[in-house]
Colleague: 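The structure under discussion is supplied below as structure tokens; questions concerning it will follow.
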Amino acid sequence: MTGPLEFERHVDDYLAIRKAVGLTNTRHGRGLRDFIAYAKNIGATDGSPIRAATAVSWAWDHAPATCGIRGRGDRLILVRGFLNYLAAIIPGTEVPGSRVIAAGRRRRPYVFSDDEMTTLINSARQQNSYVPFRPIVLSTMLGLLGSTGVRVGEACRLTIADVRLADAHPHLQILQTKLHKSRIVPIHATVVVALRGYFEERRAHERDTWGDRLFVNRDGCPLDVHDLGRWFTSLCQSVGIEPANPRDRRPCLTSFRHTFAVRRLCEWHNAGLDVQSLLPTLAVYLGHVGPESSYWYLSATPDLLRAAGARFTLDRSAGGEG
């Protein structure tokens, strides 16, 4: 006999395992406890293993009214992970198929052109008589996002000590980021020059109350990711940067990360390199657990398709059969 309290204990054990391997539990803990409470309310935990129908019903019928198809699919993914774990402990536990709820269409992310990136950085650099240092902060951050592909939150959390310009190989230290992982991000010589210029400007404007964050607001406090996102949306609108297809994603700060990844692939294809063997390198640089995570950023842009197609043609003409 397995009662509701035992299921709650299994949730705690499952979350502890996830935490032990470096995974976050904020959404999982809340969701799985809600799932167990739902299963308890409908009598699905009264001495019998949990059935697949219970999981599907929770993911679909019990979802909030604002939850779309993609959100319902995410709920099913969340509970499937727990049920796979539970099936090894409680015989008869049913795990619903991964495609019971169709995944929503992923909107194509926005990838900036060279001209668009130049326009955005120059627009962000326009003088502000009320907060003179603000344009320097914003334009430098956009340049760093575009040249390194780091996450917006990672850039906001950088401290002065994390920027290692004097080392033999200049780099950024990205510490305790997503999944509690840290990494070193090498930076190009042009980025080194830009950051040195930024440090000079920062010292000229700095006050005693400023903290040690690399990028700060007018009060010397860390930048807020959500405020930055709203500012950047307004910036894109002001310069007329928007997707050609209204169904695609509008440009956002994460678009710099998409752009970085796609450009790196294009460069590798154009150089005739073995892209498949280099994907793990890109994954490490972007801070992903494995190459499969990087595929999320690699949209089929015309430039990337042309580069991949040219490489495929060369391989075939050299006698390869694919």
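The first residue in the sequence is number 1, and the count goes up from there. Every heavy atom of this structure was used, including side-chain atoms; hydrogens, water molecules and symmetry mates were not.
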Colleague: How far apart are the closest heavy atoms of A55 and V79, and which atoms are they?
Modeller: CB-CG1, 3.8 Å
Colleague: Can you tell me how far the OG atom of S139 sits from the CD1 atom of I121, to the nearest 0.5 Å?
Modeller: 7.5 Å
Colleague: For the side chain of D227 and the backbone of D224, is there at least one donor-acceptor N/O pair under 3.5 Å apart?
Modeller: no
Colleague: Show the numbers, then the answer: is there a salt bridge (Lys or Arg N to Asp or Glu O under 4.0 Å) between D114 and R263?
Modeller: CA-CA 11 Å; D114 289 343; R263 286 188 174 193; 2.3 Å; yes
Colleague: Side chain to side chain donor-acceptor pair (under 3.5 Å) between Y38 and S57: does it pass, once the steps are laid out?
Modeller: CA-CA 10 Å; Y38 169 77; S57 178; 2.4 Å; yes
Colleague: Return the CZ to CG distance between R27 and D74, rounded to the nearest 0.5 Å.
Modeller: 6.0 Å
Colleague: Would you please test L253 and L142 for side-chain contact (heavy atoms from CB on, under 4.5 Å) and show each step?
Modeller: CA-CA 8 Å; L253 288 168; L142 295 190; 3.7 Å; yes
Colleague: Taking the six-membered ring for Trp, are F35 and F7 closer than 6.0 Å centroid to centroid?
Modeller: no
Colleague: For Y285, is there any backbone N or O sitting under 3.5 Å from a side-chain donor or acceptor partner on R183?
Modeller: yes
Colleague: According to a hydrophobic-cluster definition based on side-chain heavy atoms being under 4.5 Å apart (Ile, Leu, Val, Met, Phe, Trp, Tyr only), do I160 and L165 belong together?
Modeller: yes
Colleague: Under 3.5 Å, side chain of S255 to main-chain N/O of V111, donor-acceptor pair present?
Modeller: no
Colleague: Evaluate the side-chain contact (heavy atoms from CB on, under 4.5 Å) criterion for residues F133 and R218: first the C-alpha distance (whole Å), next the side-chain angles of each, then the deciding distance (0.1 Å), finally the verdict.
Modeller: CA-CA 8 Å; F133 188 52; R218 71 175 72 187; over 6 Å; no
Colleague: Taking N217 for its side chain and D219 for its backbone only, find out whether a donor-acceptor pair lies under 3.5 Å.
Modeller: yes
Colleague: Any side-chain heavy atom of V216 sitting closer than 4.5 Å to one from C221?
Modeller: no
Colleague: Apply side-chain contact (heavy atoms from CB on, under 4.5 Å) to Y110 and D248, showing your working.
Modeller: CA-CA 7 Å; Y110 198 94; D248 291 338; over 6 Å; no
Colleague: Taking NZ, NE, NH1 and NH2 as the nitrogens, is one of them in E242 or R250 under 4.0 Å from a carboxylate oxygen of the other?
Modeller: yes
Colleague: For the atom pair CG (L235) and CZ (R230), what is the distance rounded to the nearest 0.5 Å?
Modeller: 15.0 Å
Colleague: Does any N or O in the side chain of S277 come within less than 3.5 Å of the main-chain N or O of D274, such that one atom is a donor and the other an acceptor?
Modeller: yes
Colleague: Charged N to carboxylate O under 4.0 angstrom, D12 versus R9?
Modeller: no
Colleague: Any side-chain heavy-atom pair from V185 and E154 closer than 4.5 angstrom?
Modeller: no
Colleague: Are V193 and L195 connected, step by step, through hydrophobic side chains (Ile, Leu, Val, Met, Phe, Trp, Tyr) whose heavy atoms are closer than 4.5 Å?
Modeller: no
Colleague: Quick check: closest heavy atoms across L145 and V150, and the distance to 0.1 Å?
Modeller: CD2-O, 3.6 Å
Colleague: Answer whether the closest heavy-atom distance between the side chains of T233 and C236 falls below 4.5 Å.
Modeller: no
Colleague: Does I136 share a hydrophobic cluster with W210, counting links as ILVMFWY side-chain heavy atoms below 4.5 Å and allowing steps through other members?
Modeller: yes
Colleague: Verify, without hydrogens or angle tests, whether Y198 (side chain) and L214 (backbone) share a donor-acceptor contact under 3.5 angstrom.
Modeller: yes
Colleague: Whether the T159 and D162 side chains hold a donor-acceptor pair (N or O, under 3.5 Å, no angle test) is what I'd like checked.
Modeller: yes
Colleague: Check whether V192 and V163 end up in the same hydrophobic cluster, where Ile, Leu, Val, Met, Phe, Trp and Tyr are linked by side-chain heavy atoms less than 4.5 Å apart.
Modeller: yes
Colleague: Closest heavy-atom contact between R213 and R202?
Modeller: O-NH2, 2.7 Å
Colleague: Can you tell me how far CG of D61 sits from CZ of R72, rounded to the nearest 0.5 angstrom?
Modeller: 8.0 Å
Colleague: So does R18 pair up with D13, basic N to acidic O under 4.0 Å?
Modeller: no
Colleague: Of all heavy-atom pairs between V95 and A52, which one has the smallest distance, and what is that distance?
Modeller: C-CB, 4.3 Å
Colleague: Please evaluate residues L120 and F256 with respect to the criterion side-chain contact (heavy atoms from CB on, under 4.5 Å), reporting the C-alpha separation (whole Å), side-chain torsions for both, the decisive distance (0.1 Å), and the verdict.
Modeller: CA-CA 11 Å; L120 288 167; F256 285 101; 4.2 Å; yes
Colleague: Is any side-chain heavy atom of L78 less than 4.5 Å from a side-chain heavy atom of L32?
Modeller: yes
Colleague: Please report the shortest heavy-atom distance between R51 and G92, naming the atom on each side.
Modeller: NH1-O, 3.2 Å
Colleague: Does I36 belong to the same Ile/Leu/Val/Met/Phe/Trp/Tyr cluster as I17, with side-chain heavy atoms less than 4.5 Å apart forming each link?
Modeller: yes
Colleague: Would you give the length of the straight line joining atom CD1 of I174 to atom CZ of R157, rounded to the nearest 0.5 angstrom?
Modeller: 8.5 Å
Colleague: Can a donor-acceptor pair be found, under 3.5 Å and without considering hydrogens, that links the side chain of H62 to the backbone of W60?
Modeller: no
Colleague: Please confirm whether the backbone N or O of R264 pairs with a side-chain atom of E267, one donor and one acceptor, at under 3.5 Å?
Modeller: no
Colleague: Keeping the roles fixed (side chain from S147, backbone from G143), state whether a donor-acceptor pair exists under 3.5 Å.
Modeller: yes
Colleague: Tell me the closest heavy-atom pair linking L286 and A261, and the distance in Å.
Modeller: CD1-CB, 4.3 Å
Colleague: State, with a plain yes or no, whether a side-chain heavy atom of P243 is found less than 4.5 Å away from one of P251.
Modeller: yes
Colleague: Looking at R164 and H171, would you say the former's side chain and the latter's main chain have a donor-acceptor pair under 3.5 Å?
Modeller: no
Colleague: Tell me, do V284 and P280 make a side-chain contact under 4.5 Å, heavy atoms counted?
Modeller: no
Colleague: Cation over ring, R75 on W58, under 6.0 Å and within 45°?
Modeller: yes
Colleague: As an exercise, state the distance from CD1 of I90 to CD1 of I50, rounded to the nearest 0.5 Å.
Modeller: 7.0 Å
